[in-house]
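What follows is a single structure, written as structure tokens, with notes after it.
In what follows, chains are A, B, ... by sequence order, proteins preceding strands, each numbered from 1. The basis for the numbers below is simple: all heavy atoms, side chains too, and nothing from hydrogens, waters or symmetry mates.
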Amino acid sequence: MKIIYKDGTVAECPAEEVTHVLRHSAAHIMAQAIQRLYPNAIFGYGPATDKGFYYDVDLGDTKLTDEDLVTIENEMKKIVKEKLPIRPFILNRDEAIKLMHDRGAKYKEEHIGDLPEDAIISFYQQGDYIDMCVGPHITYTSALKAFKITQQGGAYWKNDSSRKMLTRINGVAFATKEELEEYERQQEEAKARDHRRIGQQMQLFMSDDLVGKGMPMFLPNGYTVWRELENYIRNKELKLGYQHVMTPCVGTVDLYKTSGHWAHYQKNMFPPMEVEGETFVLRPMNCPHHMMIYANRPHSYKELPIRIAEIAHDFRFETSGTLKGIERGRHFCQNDSHIFVTPEQIESEFKGVVDLIFETYKDFGITDYRCVLSLRDPNDKVKYHPDDQMWDMAEASLRKVLDDIGIEYTEEIGEAAFYGPKLDVNVKPAIGNEYTLSTCQLDFCLPAKFDLKYIDADNSEKTPVVLHRAILGSIDRFMAYIIEETKGKFPTWLAPMQVKVLPVSEKTMEYATRCYNALLDEDVRVVLDDRSEKIGYKIREAQQEDRVPYMLIIGAKEEEEGTVSVRNRVGETTTMKLDEFITKVRTEIRTRAF
RNA sequence: GCCCAUGUAGCUCAGUGGUAGAGCACCGCCUUGGUAAGGCGGGGGUCGGCGGUUCAAAUCCGCCCGUGGGCUCCA
């Protein structure tokens with residue numbers, strides 16, 4: 001594919017740039033189509049993205065319907081057919097401003113002002129359409145073969161919520177029609193994997209207006225998975241010296257004034273409640289409670305690290321637009337812990353947490369994640385807690401641990417919390433943006449706010465450092481992730497229903513019931529399908545809806561031989577003695593085979 | 001919170017101004033069937049809510065609520 005650079009050079013496009021250039025040109029062609037259909041449109045930014053492209057456009061009071069998007073797409077197809085040449089030209093700054101001004105392109109004009117003094121300001125033109133752009137682009141509009149407008153949405157000019165909201169029109173473009181079809185197939189697959197959809201199909205959780213938005217309720221199936229997750233992590237923590245506590249969800253506002261949350265986190269909290277002259281809030285975090293537990297009695301340096309843990313209910317006032325099933329609600333349960341350490345213990349304790357994170361990921365077969373080490377911006381003296389020595393030491397420790405373990409990570413300068421650096425482990429859901437699953441954050445500030453001390457070897461009072469950490473993040477969110485990763489086909493130890501016994505007819509109901517009871521006695525989550533339906537029907541439901549790991553098909557043959565016919569989720573069947581099956585399934589559960 | 005779309009039976013959806021529909025699920029009867037849907041019959045909806053336009057509103061308009069996508073936010 002030939003492309004044209006802003007200086008007019010035409011060259012073969014490097015293979016790895018092809019989709020990017022196509023998408024960028026697709027954005028221009030879409031803008032041209034919009035300009036033809038809506039002559040008053042004023043364009044903002046219109047880049048290629050890693051998924052496709054978009055253009056932000058100010059349409060005045062005009063609202064677009066989905067049919068309008070189809071019309072725009074059809075106009076794009078016309079422009080492609082017209083085989084218009086796409087040609088660049090360069091103007092000096094004054095000429096560029098004049099051109100944009102004369103064309104009423106006020107956002108482009110503003111953008112010129114943001115460009116560095118020595119910037120070469122280039123334009124690309126196809127037919128009547130001119131766009132300020134660095135390129136490169138395809139040489140003719142006809143090179144765009146496979147594209148589709150996917151959706152529209154709002155986007156603030158320059159991503160600034162105080163600026164005007166423009167209409168963002170999104171599209172996708174690929175080098176070939178096959179790639180476009182593959183993309184559409186993947187989109188369908190992602191929709192089928194969405195935890196909200198599977199959650200409803202498998203009756204894992206629900207929500208209702210009357211209960212409140214962002215307030216999911218876990219149904220028996222979902223709560224079974226929940227309990228397994230909770231047991232899993234709590235048992236692991238117990239072996240690592242964590243001590244579990246339970247603290248209340250409502251606290252005085254003064255608690256959060258002490259912690260600083262009231263000053264800094266209030267907009268994420270539900271409004272306060274006044275009772276008998278006292279003011280209470282719903283807690284958004286558990287740190288203050290755990291600080292108070294530490295403060296309950298004096299501590300020697302010999303006791304540290306102290307690891308206080310809790311599966312804690314929290315409430316956060318998330319803006320309505322960000323709520324998403326059990327991935328992000330206004331109520332959730334954090335797999336939280338606060339670890340109190342001496343400065344010397346930061347490194348080893350941080351390592352312990354990182355090891356726990358990746359051991360857990362291994363148990364759950366999680367491999368697709370991104371580690372981010374968030375550091376302070378040393379030049380920003382306002383945002384960050386002013387103890388350079390502590391920061392330097394802590395950041396070096398964190399980096400050293402990650403390097404020693406040999407995990408890949410990216411460093412993000414200026415992304416640290418004001419109280420300390422942190423490690424986030426991020427994953428991508430089936431639909432939507434990356435989010436944080438696990439986190440470990442250092443905190444130099446909070447212990448001092450609660451005046452926490454330990455007595456050091458020299459009998460002097462010192463302030464401990466705190467590590468905030470969450471391994472499963474929130475149980476809710478972790479479950480959402482596991483649902484999407486497994487498509488609801490949970491490993492046996494997590495599955496709400498582990499075995500379903502399916503008698504072929506009522507004639508073998510008695511033997512089927514014996515099998516059922518034997519499994520029940522062995523603490524297997526088993527269900528007996530005693531309806532008078534045909535076996536094919538029962539299998540279909542067990543496989544498609546229940547997604548049960550094992551079906552036991554019980555007919556006359558099995559009864560005679562004292563065996564069970566075992567069918568797994570892939571449709572493979574084997575026959576074995578009932579005892580054999582029980583041993584197999586129990587082993588699988590005990591080892592948490594994934 | 002903002003922008004757009006959307007809301008009809010438990011679920012998935014059809015129905016664009018004139019007596020609320022389909023498939024699946026549910027209930028009953030028949031069928032006792034061997035590895036992904038057996039047959040017949042039945043019950044079930046203030047068409048998200050409130051107002052408005054109209055002889056007449058699921059359908060048109062306004063506001064509110066929920067949901068989906070996008071943006072912002074996420075000390």
Side-chain angles (χ1 to χ4, degrees), chain A residues 49 54 56-59 62-69 150-170 187 191 194 196-197 200-201 203 206-214 256 259-269 284-285 287 316-325 328 383-385 415-420 422 424 431-433 435-436 441 443 445-446 502-509 531-545 551-558 565-575:
Chain A
T49 65
Y54 65 80
D56 288 345
V57 52
D58 185 347
L59 294 166
T62 307
K63 312 274 186 202
L64 297 182
T65 64
D66 287 354
E67 290 75 51
D68 294 332
L69 296 184
T150 51
Q151 67 210 155
Q152 63 167 319
Y156 300 104
W157 169 233
K158 289 187 176 172
N159 277 349
D160 179 346
S161 59
S162 69
R163 305 295 300 266
K164 181 164 187 181
M165 179 161 276
L166 310 177
T167 303
R168 174 166 296 179
I169 305 174
N170 290 283
Q187 290 301 107
K191 258 191 240 168
D194 190 319
R196 292 164 293 191
R197 184 170 168 147
Q200 199 222 58
Q201 286 171 353
Q203 290 287 287
M206 63 170 283
S207 64
D208 191 280
D209 301 359
L210 195 56
V211 176
K213 62 179 162 183
Y256 293 92
S259 68
H261 289 105
W262 192 243
H264 293 108
Y265 201 68
Q266 200 183 143
K267 65 175 183 295
N268 284 296
M269 295 170 69
M285 295 184 184
C287 336
R316 291 186 187 172
F317 184 76
E318 303 284 358
T319 52
S320 56
T322 59
L323 301 173
K324 191 180 172 200
R328 182 185 289 252
K383 179 176 171 187
Y384 299 103
H385 172 64
E415 287 302 307
F418 88 91
Y419 50 72
K422 64 172 177 176
D424 284 333
I431 295 173
N433 301 323
Y435 56 77
T436 299
Q441 316 186 353
D443 193 331
C445 299
L446 199 56
L502 312 179
V504 172
S505 82
E506 282 170 21
K507 286 177 185 154
T508 50
M509 191 63 78
R531 297 172 302 176
S532 66
E533 293 291 348
K534 291 175 87 167
I535 192 69
Y537 180 89
K538 292 180 183 178
I539 287 170
R540 186 187 157 87
E541 188 178 285
Q543 183 143 337
Q544 259 187 352
E545 291 174 37
M551 296 165 227
L552 296 189
I553 318 295
I554 308 294
K557 203 166 57 187
E558 285 77 16
S565 171
V566 182
R567 183 187 161 113
N568 67 16
R569 279 183 293 219
V570 215
E572 299 161 343
T573 59
T574 45
T575 302

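Between the P atoms of B/C63 and B/G68, the separation comes to 23 Å (whole Å). Comparing the same atom, C1', in B/G48 and in B/U67 gives a spacing of 10 Å after rounding to whole Å. Of the P atoms belonging to B/G45 and B/G62, the separation is 31 Å, rounded to the nearest Å. B/C61 and B/C74 are spaced 38 Å apart, taking the C1' atom of each and rounding to whole Å. If you take atom C1' in B/G43 and the same atom in B/G10, they sit 13 Å apart, rounded to whole Å. Distance check on atom P: B/C60 versus B/G1 gives 26 Å, rounded to whole Å. Separating the C1' atom of B/A20 from that of B/A5 is a span of 25 Å, rounded to the nearest Å.
Remark: B/G42 base-pairs with B/C26; criterion is Watson-Crick or G-U wobble with both hydrogen-bond distances under 3.5 Å. For B/G62, the paired nucleotide is B/C50, the pair qualifying as Watson-Crick or G-U wobble because both relevant distances are below 3.5 Å. Under the Watson-Crick or G-U wobble criterion, with both distances below 3.5 Å, B/A5 is paired with B/U67. Pairing for B/G21 goes to B/C13, judged as Watson-Crick or G-U wobble with the two contacts each under 3.5 Å.
Residues passing the side-chain contact (heavy atoms from CB on, under 4.5 Å) test with A/Lys534: none are found, sequence neighbours excluded. For the side chain to side chain donor-acceptor pair (under 3.5 Å) test, no residue two or more places apart in sequence or in another chain qualifies with A/Glu533. Remark: A/Asn170 pairs with no residue by the side chain to side chain donor-acceptor pair (under 3.5 Å) rule, at least two apart or across chains.
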Where do A/His261 and A/Cys287 land on the side chain to side chain contact (heavy atoms under 4.5 Å, CB included) test, with the steps shown first? CA-CA 10 Å; A/His261 289 105; A/Cys287 336; 4.2 Å; yes

Starting from the C-alpha separation in whole Å, work towards a yes-or-no answer on side chain to side chain contact (heavy atoms under 4.5 Å, CB included) for A/Asp208 and A/Met206. CA-CA 7 Å; A/Asp208 191 280; A/Met206 63 170 283; 4.2 Å; yes

Using the rule given for side chain to side chain contact (heavy atoms under 4.5 Å, CB included), can you reason through A/Leu446 versus A/Tyr419, listing the C-alpha separation, both sets of side-chain angles and the distance that settles it, and then say yes or no? CA-CA 8 Å; A/Leu446 199 56; A/Tyr419 50 72; over 6 Å; no

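A distance-only check finds no donor-acceptor pair linking the side chain of A/Thr436 to the backbone of A/Asp424 [under 3.5 Å]. When atom types are taken as modelled, the side chain of A/Gln201 and the backbone of A/Glu545 share no donor-acceptor pair closer than 3.5 angstrom. At distances below 3.5 Å, not a single donor-acceptor pair connects side-chain atoms of A/Glu541 with backbone N or O atoms of A/Lys538. The backbone N or O of A/Pro284 lies less than 3.5 Å from a partner atom in the side chain of A/Arg316, making a donor-acceptor pair.
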Scan nucleotides 22-31 of chain B nucleotide by nucleotide, 5' to 3', and note B when protein non-hydrogen atoms come under 4.0 Å of the base, S if they reach only the sugar-phosphate, - if neither. ---SS----B

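Residue A/Arg567 places at least one side-chain N or O under 4.0 Å from the OP1 or OP2 atom of B/A36. Here A/Lys507 does not reach the OP1 or OP2 of B/U32: none of its side-chain N or O atoms lies under 4.0 Å away. Taking only side-chain nitrogens and oxygens, A/Arg540 never comes nearer than 4.0 Å to OP1 or OP2 of B/U35.
If you check every strand for non-hydrogen atoms under 4.0 Å, A/Glu558 touches a base. Within the nucleic acid shown, A/Lys557 comes within 4.0 Å of at least one base atom, counting heavy atoms only. Counting any heavy atom pair closer than 4.0 Å across all strands shown, A/Ser565 reaches a base atom. Nucleic acid contact for A/Ile535: sugar-phosphate only, since backbone atoms but no base atoms lie under 4.0 Å from a heavy atom of the residue. Residue contacts shown for A/Ala556 include a base, since a base heavy atom lies under 4.0 Å away. Within 4.0 Å of A/Gln151, counting heavy atoms only, lie sugar-phosphate atoms of the nucleic acid but no base atom. Heavy atoms of A/Leu502 sit nowhere under 4.0 angstrom from any nucleic acid atom. Nucleic acid contact for A/Gly536: sugar-phosphate only, since backbone atoms but no base atoms lie under 4.0 Å from a heavy atom of the residue. Within 4.0 Å of A/Leu166, counting heavy atoms only, lies no atom of the nucleic acid at all.
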Close N or O pairs between protein and nucleotides 71-75 of chain B (under 3.5 Å):
| unit_1 | atom_1 | unit_2 | atom_2 | d |
| --- | --- | --- | --- | --- |
| B/C71 | O4' | A/Gly154 | O | 2.9 |
| B/C71 | O3' | A/Asn159 | OD1 | 3.4 |
| B/C71 | O2' | A/Tyr156 | N | 3.3 |
| B/U72 | OP1 | A/Asn159 | OD1 | 3.1 |
| B/U72 | OP1 | A/Asn159 | ND2 | 2.9 |
| B/U72 | O2' | A/Ser161 | OG | 3.4 |
| B/C74 | O2 | A/Arg328 | NH2 | 3.1 |
| B/A75 | N3 | A/His264 | ND1 | 3.3 |

Protein-nucleotides 42-49 of chain B N/O pairs closer than 3.5 Å?
none

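Nearest heavy atom pair, residue A/Tyr256 against residue A/Met269, reads CG-CE, 4.1 Å. Taking both residues in full, the closest heavy atoms of A/Lys213 and A/Ser320 are given as NZ-CB, 3.5 Å, listed atom of the first, atom of the second, then distance.
Residue-to-nucleotide contacts include no donor-acceptor pair under 3.5 Å from the side chain of A/Gln200 to the base of B/G10.
Here the C1' atom of nucleotide B/A36 and the CD atom of A/Gln201 are 15 Å apart, to the nearest Å.
Across B/G68, B/G1, B/A36, the shortest atom-to-atom separation from the side chain of A/Ser320 is found for B/G1.
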